[in-house]
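So the structure is just underneath, and the comments pick up after that.
Along the sequence shown, residues are numbered consecutively beginning with 1. Counting starts at 1 for both ligands and their atoms, following the listed order.
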Amino acid sequence: MNIYSRPWGKLSDGRIATLYTLVNDRDMTVEITDFGGTIVSIKTPDRNGRITDVCLGYDSVADYEMADGYLGALVGRVANRIAGASFELNGETYTLHANDGKNCLHGGKKGYSHVIWNAETATSPDAAILTLTYFSPDGEEGFPGNLTVKVTYTLDNENALSIRYEAATDRDTPVNLTNHTYFNLAGYASGSVFDQTLWLDAESYVAGDEKLIPTAVKPVEGTPFDFSTVKPIGQDFFADCEDLHLAGGYDHCFNFTDWKDCRAGGEILLRGIVYDPVSGRKMEVYTNQPCVQFYTANFLKNPLFPLKGGYPQRTQTAFCLETQTMPDSVHHQGEADFTNCILHPGETYDYTTVYRFSAE
Ligand code: GAL
């Protein structure tokens, strides 16, 4: 196991970002920068041992700072949307940045995806570990409470990349942390992911309006949102379905089977499998989070920010599986259909998601 670092380029405030490379004893390498705790590359073998980068990203940290899309980033304090960019908690109103129409998306103007995290590295006989910490002061981006956040990236010899998210607060606050990696198991510059297959252990999904603010929680059964039996991502993509049309594809929160039993520190279960029949690469997703946002990169089309090597951004050439709580749940606290998103002083937010790669 090995982990090494190098300076990776300048941000607009003159600070230098660092790029960390985690290498295991097999043939997997992961690069992560302290800017946004962003996963920059994931190199894994196909069924013939050929190694390819399956993670979409940019060539420079300046692009990560300027571009939209949250490629590879750690997202917080509250990933996904908060309607009207404000919420009430304990009788007080909190105003956030409206950075997605009238709504707040992915933490606001400058969320955790756009700050430099403190980094520490370690290795053990079978793990390369990058520990990132960030102190988010009371009032930052409008959120109440000082939040201490720790995210631990671990690459092991089973070709599993695990991400453990821990946080503690001194006032009640909504918290929803995730990672926003765009994957394409055929390689980041391989085009559409429609032929890659997906299995998701989800019983329901959150339908949204045209701005993707939740309108209802619906069972997946009998809809294009049913991935409980493996099917190609593209199979029902163009189905005559209003919830798909409103989002321009899949961009929905899927609620895992028995999601109400999921809790901080709870059992980490296999919830998703993506498979690319061409390369044979497979990615399993294990988590103790209750939900995952499955997103088919419907907004990935910004001509100003080409991807690594100049490859253009194109919609549906990647998928994201962002484990988390339900969008806008801060406005649905106490409703049986919705997840809790409030962290109280004395509690520990502690969730883990594992992306495990193999080939067959
Ligand atoms: C996703 C979100 C999409 C889009 C994307 C960033 O998490 O669901 O609607 O905002 O982030 O471009």
- request: Run the numbers on Phe87 and His331 for ring pair (Phe, Tyr, Trp, His ring centres under 6.0 Å), then give the verdict.
  value: CA-CA 7 Å; Phe87 64 92; His331 287 125; 7.2 Å; no
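Of all the heavy atoms of Leu300, none lies under 4.0 Å from any atom of ligand 1, so neither backbone nor side chain is involved. Only the side chain of Leu105 comes within contact range of ligand 1, with a heavy atom under 4.0 Å; no backbone atom does.
Salt bridge annotation for Glu141-Lys110: absent, with no cationic side-chain nitrogen under 4.0 angstrom from a carboxylate oxygen.
The contact set between ligand 1 and Arg81, taken as ligand atoms under 4.0 Å from a residue heavy atom, comprises 2 (C), 3 (C), 8 (O), 9 (O), 10 (O). Heavy-atom proximity to Asp251, at under 4.0 Å, picks out these atoms of ligand 1: 2 (C), 3 (C), 8 (O), 9 (O).
Scanning the protein for heavy atoms near atom 11 (O) of ligand 1, the closest one is His180 NE2, 2.7 Å. From the protein, the heavy atom lying nearest to atom 4 (C) of ligand 1 is Phe299 CD1, 3.7 Å.
Residue contacts with ligand 1: Asp68 is excluded, as none of its non-hydrogen atoms falls under 4.0 Å.
Around CG of Asp195, the count of heavy atoms belonging to other residues, nucleotides or ligands within 6.0 Å does not exceed 12. Shown here is Asp240, whose CG atom has no more than 12 heavy atoms of other residues, nucleotides or ligands within 6.0 Å. In the displayed structure, Lys308 atom NZ is contacted under 6.0 Å by more than 12 heavy atoms of other residues, nucleotides or ligands.
The nearest non-hydrogen atom to atom 7 (O) of ligand 1, considering only Lys211, Glu322, Gln293, comes from Glu322.
No N or O atom of Asn80 sits closer than 3.5 Å to an N or O atom of ligand 1.
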